[in-house]
There are 2 protein chains.
Amino acid sequence: MKRTASKRLVTISDVAQSAGVSKATAARVLGSYGTASPVVKEKVREAAKRLGYQANELARSMTTGKSKTIGVVVGDIENPYFGQAVRGISDAAHAAGFDVILSNSGEDAAKEKAAVRVLMGKRVDGLIVTPASVFETQHLHEVQRSGRPLVLLDRTIPDLAVDAVVTDDRQAAEAATRALIEAGHRRIAYISATESEDPIYRGPHQINLSTVMERIEGVVAASRSAGIQHPERYIRLGAHRRGLGDKIIAELLQGADRPTAILASDTVVALEVFKTLRRLGMSIPGDLSLVAFHDADWTSVTSPPITVIAQPVYELGFESAQILVRRITGMGDTPRCRVLATTLIKRQSIGAPPELEDSGAVLQDDAAKIG
Amino acid sequence: MKRTASKRLVTISDVAQSAGVSKATAARVLGSYGTASPVVKEKVREAAKRLGYQANELARSMTTGKSKTIGVVVGDIENPYFGQAVRGISDAAHAAGFDVILSNSGEDAAKEKAAVRVLMGKRVDGLIVTPASVFETQHLHEVQRSGRPLVLLDRTIPDLAVDAVVTDDRQAAEAATRALIEAGHRRIAYISATESEDPIYRGPHQINLSTVMERIEGVVAASRSAGIQHPERYIRLGAHRRGLGDKIIAELLQGADRPTAILASDTVVALEVFKTLRRLGMSIPGDLSLVAFHDADWTSVTSPPITVIAQPVYELGFESAQILVRRITGMGDTPRCRVLATTLIKRQSIGAPPELEDSGAVLQDDAAKIG
DNA sequence: TTGACATGTGAGACCGGTCTCAAATACGGT
DNA sequence: ACCGTATTTGAGACCGGTCTCACATGTCAA
């Protein structure tokens, strides 16, 4: 058995010595740059193979300044939404010869900040980030100032002039809401998983994600143009943690003037709605209609199958990586925000609203609000 | 506006010069090693802050030889199974002060090899890998030989003496099969997503994953001890690609002596079973009973809810990272394989087998095999 | 006062590559 | 044979940190 020393690795100098050439020459052959005669090339390659040489990419990156690596910070790897996006990123990156380092922030701005710092420290050539908050963005501004390319994924930050790739959430929310209105609904809830101590929506200052704001605007706009009064009252936030989501949904459905339809911000929330409904003995779409963001694979096998807003998640990742690579290699035209379209996939979770006893009271309530 | 040069970053020499101390002293303060007087510390820290100094981790790792980073190669990031495992890894790693670099192999041994090479090149302190094949393992042997700690996740490799963390697949498959047998089933299929050109199982040589082999053994053992003849005939492989899975399942269910129960290797396959059944106009558990590996969150909201084998996936990741960190920092007791237990969660997808016309023929068939 | 010893600081080697530059060699034409 | 040019090669600086070691200073006991 070959007792290779486990500590010290083979360096280019070792190879050079063994091949009987200078370090510089060996480096040229192994690094595929400069020139070397065929016979020398062969000698060096043979020695490298024999010694089991593997280049130290760290050293290489340090001198060249390029690491051929892009850093990615996503909100939650466990969420299949980001899983798909990451695959898109990986595919595009690898196709361009880049590696990917992934971190997840758990949607926590502080963790995100730390992750970005680490990746910058590792001298990645560029960054793709799904920012956890539009408020805490100093670290991203710093990245931009340092000149390292940065692409925002899924969400934008208003005052940060970098590339971004997002889906058209406003228009998606509007379309979904319109579909519910066309089915006869007037009391439509939007339940978001976004972080928030207060589950009740009181205004834009609470919202720290561009997507959430856009969706709320979409729901409100569609409702308003259908003559629905005060649609904001059915908006709920912070349904992220499992137990909490359940509570928020149950309270919403058991309260006075309960909504007859729910738009869920992702499939995790939709799942929570499903479970809560089962617990309350209510059915879809008889008692409640449901639409969810994200066409997760399982949404077509529930009963009833869920009507969803399909987002081009893989493309979102793929495009963002392509843009980033272009910035790294090429140069700077002005940053753009690419908006990808979504599709409403109609399945069987939308029905006519049930006849609610207190329906008249609600109208009165609405009327009172006007007067 | 401060026009920070976008190209050249601030180095420790810049900070030293600005603070009026030597490079060595500045490094001691900023690197938190050696000694420095309080007043000098203050000066250096102030200068670093003013200049926006960020350490070059590459340079740091190069001299120290440690990168405080562990590399992870998983089969498929999109699969929620691995998503959970990765979170477990991240949590344990970060708790110990390590960063995580993630790659995915797409269950392709060649890609896995490339990913391992890249990570080794980046001088990660250790590796966690879910090996795509028990046959192509030279690269993993090389890692082991180089002395860099390696932990296998979810799967083992017989002749490779490194740590591993897996679930007890044999016992899980046995328990699931027994549950089906107790419900009266005698024709039980196991459908695996594992890569294979031939969907029919002909022997162990086809199987390139330890988990798959264990599960097959589990199913066969439970069947045999219940007196079921030739249980292997209902084993199908390669249900990975979407279209193919559908075809394999449909053929199995429409063939002579069709199985009355299916054990699916993961929830993606289970989903495929659901869809195919719907297409064929069959129902669960009336026409077919179903059990699946992996307690994906949605398996409780289908109708009927699916009986699953819950695996401690997060723990799998968490443990593997802990073991790896222990190896990196501490030293070598002999490598161990940690086996975590699974739980059978009984829901409503198991029922009595339907009265099949050709039931008698099957028994004859079985009997014929004995004579 | 002097010596023993702890503490703070700077000079410079080093990690393992890349890259510049000059010297050495090969080649081609007259 | 001889010169001009192209190609191959080696010496050594460099990237940005860490680390060793020598030297300067401060403290305290004899």
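Order of the sequence lines sets the chain letters (A, B, ...), proteins ahead of strands, with each chain counted from 1. Hydrogens, waters and symmetry mates are skipped; everything else that's a heavy atom, side chains included, is used.
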Separation of [X] atom [atom1] from [N] atom [atom2], in whole Å?
X: A/Leu30; N: C/dG17; atom1: CG; atom2: P; answer: 8 Å
X: A/Asn56; N: C/dG16; atom1: CG; atom2: P; answer: 7 Å
X: A/Ile12; N: C/dG17; atom1: CD1; atom2: C1'; answer: 7 Å
X: A/Asp14; N: C/dC15; atom1: CG; atom2: P; answer: 11 Å
X: B/Lys68; N: D/dT18; atom1: NZ; atom2: C1'; answer: 16 Å
X: B/Met120; N: C/dG16; atom1: CE; atom2: C1'; answer: 16 Å
X: B/Gln17; N: D/dG16; atom1: CD; atom2: P; answer: 14 Å
X: A/Met62; N: C/dC19; atom1: CE; atom2: C1'; answer: 14 Å

Quick one: the side chain of [X] and the base of [N], do they pair up donor-acceptor inside 3.5 Å?
X: A/Arg123; N: D/dG16; answer: no
X: B/Arg28; N: D/dG17; answer: no
X: B/Lys23; N: C/dG10; answer: no

Within the structure, does a side-chain N or O atom of [X] lie under 4.0 Å from either OP1 or OP2 of [N]?
X: B/Ser37; N: C/dT9; answer: yes
X: A/Ser22; N: D/dG10; answer: yes
X: A/Tyr53; N: C/dG17; answer: yes
X: A/Tyr33; N: C/dC19; answer: no
X: B/Thr64; N: D/dT18; answer: no

- Message: For a quick check of understanding: with a heavy-atom distance under 4.0 Å over all strands, which category does A/Thr35 fall into, base, sugar-phosphate or nothing?
- Response: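 Since a base atom lies under 4.0 Å of A/Thr35, the category is base.
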
ask   = Hey, does B/Ala36 reach any base, or is it just sugar-phosphate, or nothing, if we go heavy atoms under 4.0 Å?
value =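 Here B/Ala36 touches the backbone only, sparing every base.
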
Discussion item. Side chain of B/Thr63 only, heavy atoms from C-beta on: which candidate in C/dG10, C/dG16, D/dG17 is closest?
Written reply: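 So the side chain of B/Thr63 is nearest to D/dG17.
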
query: Only one of B/Arg327, B/Arg336, B/Arg326 forms a side-chain hydrogen bond (donor to acceptor under 3.5 Å, both in side chains) with B/Asp163, so which one is it?
result: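 Of all the options given, the one that passes is B/Arg327.
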
Worksheet item: Quick one: on DNA chain C, does A/Ala27 or B/Thr25 contact a more 5' nucleotide (nearest heavy atom)?
Response: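 Taking each residue's closest nucleotide, the earlier one in sequence belongs to B/Thr25.
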
* Side-chain (B/Thr25) to main-chain (B/Val21) donor-acceptor, under 3.5 angstrom ->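 No; judged by distance alone, with no hydrogens or angles, the pair does not exist.
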
### Task
Find the distance between CG (A/Leu140) and CG (A/Leu127) and round it off to the nearest 0.5 Å.
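Going from CG on A/Leu140 over to CG on A/Leu127, the span is 8.5 Å.
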
Distance-only donor-acceptor check, side chains B/Thr69 and A/Lys122, under 3.5 Å: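 A pair is found: one side chain offers a donor N or O, the other an acceptor, under 3.5 Å apart.
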
